[in-house]
> 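The structure under discussion is supplied below as structure tokens; questions concerning it will follow.
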Amino acid sequence: MWELSLGNPLFALELARGGDRGDAPDQPPAGVRDLVGERLVRLDPHARRFVEALSVAGGEAALAELLDVAEHGLHPPVTGAAAADAVEHAIAAALVEERQVVIAGRAEAGLAFRHPLVRLTCYDGLSAVRRRQLHASYAQAVQRRRPDAVDALASHFTRADDPRAADYLRRAAERAAALYANDTADRYYRDLVARLDVDAARARLAHSQVLRRMGEPGRAAEVLRSALAEFLARGAHDDTVIAAAHLAEALFRTGESESADAVLRAHPPGEDTGPEARALHHLARSNLDQVHGRYQDAHRAARRAQQPAEHVPGPAGQLLQARSHAMQAINLGLAGRFGEAREAGDRALAPAQAYGEPTLLGAVLSTLRENARRHGRLHDAVRFGRQALDHARQSGDPVATAFEQLNLAELHLLLEENDTAAQYAEAAVAGAAWDDAWSLPYALAVLARVLLRTGDRERAAALLERAGAPEDQQAHHEVRRARALYALHAADPDGALAALGDGAAERAPELAAYAHLAAGRPAEAARIAAAEAARARSTGERLAENEALIAHATAATRLGDGATARTALTRADHLARTLPYPSGLTRVLALRAEPGS
């Protein structure tokens, strides 16, 4: 109401009455139409046609373009002294005013309606034929004066129902997407595919990538299904494989992993398939295997994508190479092959930087952040994490933004910066919750851990209940860990082991060790912790090693094995100080203060 009335009491009341009557929100209320109509009737014909032309331009227009339309688009033309008189009459009638307008970054003399409802009323009074003719005239004027103004040309040619609209809609959509104006690009693509004179399948493919950035995998899947059907009908094999790969990735983001698997199986690459299509198929397969916890298979699929990616020229090849190396790094890390994961992550950075797209750069930096965290370089991890968050925000992807926020929350928790951790975790839950994004269970688990640290057990329990049982195996693992931690805080060691499930000693050895300690089984706790400390030391996971050493020292103290406890505690103390790892150091110092340690 404010945007349309600008605080004018009469217009505000008329808008309110129109709302009560159920009037369309983009139509001027009857009272406003009557008022403006009376002023228009009193104008001379030239002035009225000038005002009508301005209404087609929008709320304001450069005077030079408006005069161009008056000369070439009005019949009979209005030029010279007649044009000047028409402008002055419209200003005197208090319908329009002179105003500086910015065109292509430069301020120019222009005209603007004094009120948006006046413009709506003038535009609403034009016949459909007249609107189309004036939009066509404006498009031609803009084309003559600023041919790169693709947004204005797309708008006017579309409303003029001109065949050239398709090309300008495509160009406007691509430019908006390149600037990460995702909402605008979405609107242009919807207008584009609605036209019958375009390659709708390719437009839908590009549209789906904008929707993915917007965090709307469901809408992306709908668009991709239509594109896939069109490519299939044409017999376009490579395009079919590409569309199927993108559709599979959208589907597993919506939790439809069985459908994603079926799409990939139905449209596999063959011997004659081009390298881009083959690379995209294997990357989609890698993503799907990762979601189901098949990390070795996911790594192999990402490796299979690497060779064809290297044969794709230009920026598309850089994108595919970076994605291949990043996926290898992620799955090598999840499979416990951390040295190889670090090398693969480093290899992803150069092609990602060459490609320069923030979504890709954010994903690669996220991988580097995780590698740094595992190796105990927490401040490096925070630096990578903040860079990844900046790129996610730049791309306009709310889901990626929430994912980076939850990972930063976890890092600040390890650094014992609880207030900062809470801010990031709350923001991650809010960002992921708007459409039940795939990152929501991760965010809920991290926020629950923060709340357990700060003592809000009741809300932590509610968050863990809300997390449910995610299909994503890594998310399920994080939720289980958080539930086990909650049970330990509640002095329920058996509940902690039950939360971790079968294979607790392998899945979360430090938590399993503490659960056995709490249950009065220090020997079992010592065995699990010692094995985990040795494993983590061999792979270079210094945070995991530190956690296991603290658990081992605690168990050895309970068993009365002072020598073993001191050895483990000395190593833990050294690690916690040199990394540095504040959370670990706090617990080392607390353990040293206990009698018998």
Side-chain angles (χ1 to χ4, degrees), residues 36 39-40 42-173 175-176 184 188 191:
V36 175
R39 294 186 184 180
L40 287 172
R42 292 197 294 268
L43 285 178
D44 69 66
H46 286 339
R48 178 165 183 163
R49 290 161 67 209
F50 238 89
V51 170
E52 289 173 348
L54 181 59
S55 76
V56 170
E60 61 183 24
L63 185 57
E65 284 183 4
L66 189 58
L67 291 171
D68 191 325
V69 171
E71 180 178 357
H72 298 97
L74 298 183
H75 301 285
V78 182
T79 61
D85 288 343
V87 170
E88 288 182 350
H89 289 162
I91 292 172
L95 292 171
V96 303
E97 62 186 4
E98 292 183 291
R99 183 186 299 173
Q100 290 285 99
V101 298
V102 178
I103 302 295
R106 298 192 311 273
E108 296 186 20
L111 287 180
F113 280 98
R114 297 191 64 171
H115 203 284
L117 278 175
V118 175
R119 184 257 166 187
L120 274 177
T121 302
C122 291
Y123 190 78
D124 190 55
L126 296 174
S127 68
V129 172
R130 188 67 171 154
R131 286 181 195 171
R132 287 174 61 178
Q133 183 266 323
L134 285 171
H135 278 297
S137 297
Y138 251 105
Q140 290 158 12
V142 171
Q143 204 170 36
R144 284 191 292 270
R145 294 176 169 276
R146 41 192 183 106
D148 293 332
V150 293
D151 294 270
L153 289 167
S155 175
H156 286 303
F157 276 130
T158 297
R159 286 164 175 77
D161 199 24
D162 189 294
R164 287 170 287 185
D167 180 54
Y168 283 107
L169 281 169
R170 177 186 57 77
R171 290 166 62 182
R175 188 170 77 171
T184 301
Y188 281 136
D191 289 344

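Just so it is clear, the model here is predicted, and its values are computed rather than measured. Any value given below was found using the heavy atoms of this structure, including those in side chains, with hydrogens, waters and symmetry copies removed.
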> Using side-chain heavy atoms (C-beta onward) and a distance below 4.5 Å, is Arg175 in contact with Val150?
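In contact.
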
> Do Leu43 and Phe50 pass the side-chain contact (heavy atoms from CB on, under 4.5 Å) test, and can you show the C-alpha distance, the side-chain angles, and the key distance before you say yes or no?
CA-CA 10 Å; Leu43 285 178; Phe50 238 89; over 6 Å; no

> What is the distance from atom CD of Glu71 to atom OG1 of Thr79, rounded to the nearest 0.5 Å?
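The CD atom of Glu71 sits 6.0 Å away from the OG1 atom of Thr79.
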
> Sorted by first residue and then second, give each salt bridge (Lys or Arg N to Asp or Glu O under 4.0 Å) pair with at least one member in residues 52-61; sequence neighbours left out.
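Those involving residues 52-61 are Arg48-Glu52, Glu60-Arg99.
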
> For residues Val101 and Ala109, report the shortest heavy-atom separation together with the two atoms involved.
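For Val101 and Ala109, the tightest heavy-atom pair comes out as CG2-O, 4.4 Å.
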
> Between Asp151 and Tyr188, is the side-chain contact (heavy atoms from CB on, under 4.5 Å) condition met? List the steps.
CA-CA 9 Å; Asp151 294 270; Tyr188 281 136; 2.7 Å; yes

> Determine whether Arg146 and Glu65 satisfy the following criterion, side-chain contact (heavy atoms from CB on, under 4.5 Å), listing intermediate values before the conclusion.
CA-CA 10 Å; Arg146 41 192 183 106; Glu65 284 183 4; 2.4 Å; yes

> Enter the distance from Arg145:CZ to Asp68:CG here, rounded to the nearest 0.5 Å.
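Atom-to-atom, Arg145:CZ and Asp68:CG are 4.5 Å apart.
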
> Rounded to the nearest 0.5 Å, what's the gap from CG on Asp162 to CD on Gln140? Could you check?
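Rounded to the nearest 0.5 Å, the CG-CD separation comes out at 8.0 Å.
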
> Could you name each residue pair satisfying side chain to side chain donor-acceptor pair (under 3.5 Å) that touches residues 87-96, not counting sequence neighbours?
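Listed by first then second residue: Asp44-His89.
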
> Side-chain contact, heavy-atom cut-off 4.5 Å: Leu54 with Val69?
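With C-beta onward as the side chain, the pair stays apart.
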
> Just verifying a value: how many Å separate Leu111 CG and Glu98 CD, rounded to the nearest 0.5 Å?
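Leu111 atom CG to Glu98 atom CD measures 6.5 Å (nearest 0.5 Å).
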
> How many angstroms lie between atom CG of Leu126 and atom NE2 of His135, to the nearest 0.5 angstrom?
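The distance works out to 8.5 Å.
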
> Can you check whether Asp167 reaches Phe157 side chain to side chain, under 4.5 Å on heavy atoms?
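Result no, sub-4.5 Å side-chain heavy-atom pair not found.
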
> With sequence neighbours left out, what residues match Gln143 under side-chain hydrogen bond (donor to acceptor under 3.5 Å, both in side chains)?
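side-chain hydrogen bond (donor to acceptor under 3.5 Å, both in side chains) list for Gln143, sorted by chain: Tyr168.
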
> Can a donor-acceptor pair be found, under 3.5 Å and without considering hydrogens, that links the side chain of Thr158 to the backbone of Ala154?
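Answer holds: yes.
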
> Using only atom types and a distance under 3.5 Å, with no angle test, would you say the side chain of Arg131 pairs donor to acceptor with the backbone of Tyr123?
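Judged by distance alone, yes, a pair lies under 3.5 Å.
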
> Please name the pair of heavy atoms, one in Gln133 and one in Arg130, separated by the smallest distance, quoted to 0.1 Å.
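Shortest heavy-atom separation between Gln133 and Arg130 comes out as OE1-NH1, 2.7 Å.
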
> Pro147 and Leu153: which non-hydrogen atoms are nearest, and at how many Å?
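Shortest heavy-atom separation between Pro147 and Leu153 comes out as O-CD1, 3.6 Å.
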
> State the CG-OG distance between Leu95 and Ser55, to the nearest 0.5 angstrom.
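Answer for the CG-OG pair, Leu95 versus Ser55, is 11.0 Å.
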
> Check whether any side-chain N or O of Arg49 sits under 3.5 Å from a backbone N or O of Pro76 as a donor-acceptor pair, and report yes or no.
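Judged by distance alone, yes, a pair lies under 3.5 Å.
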
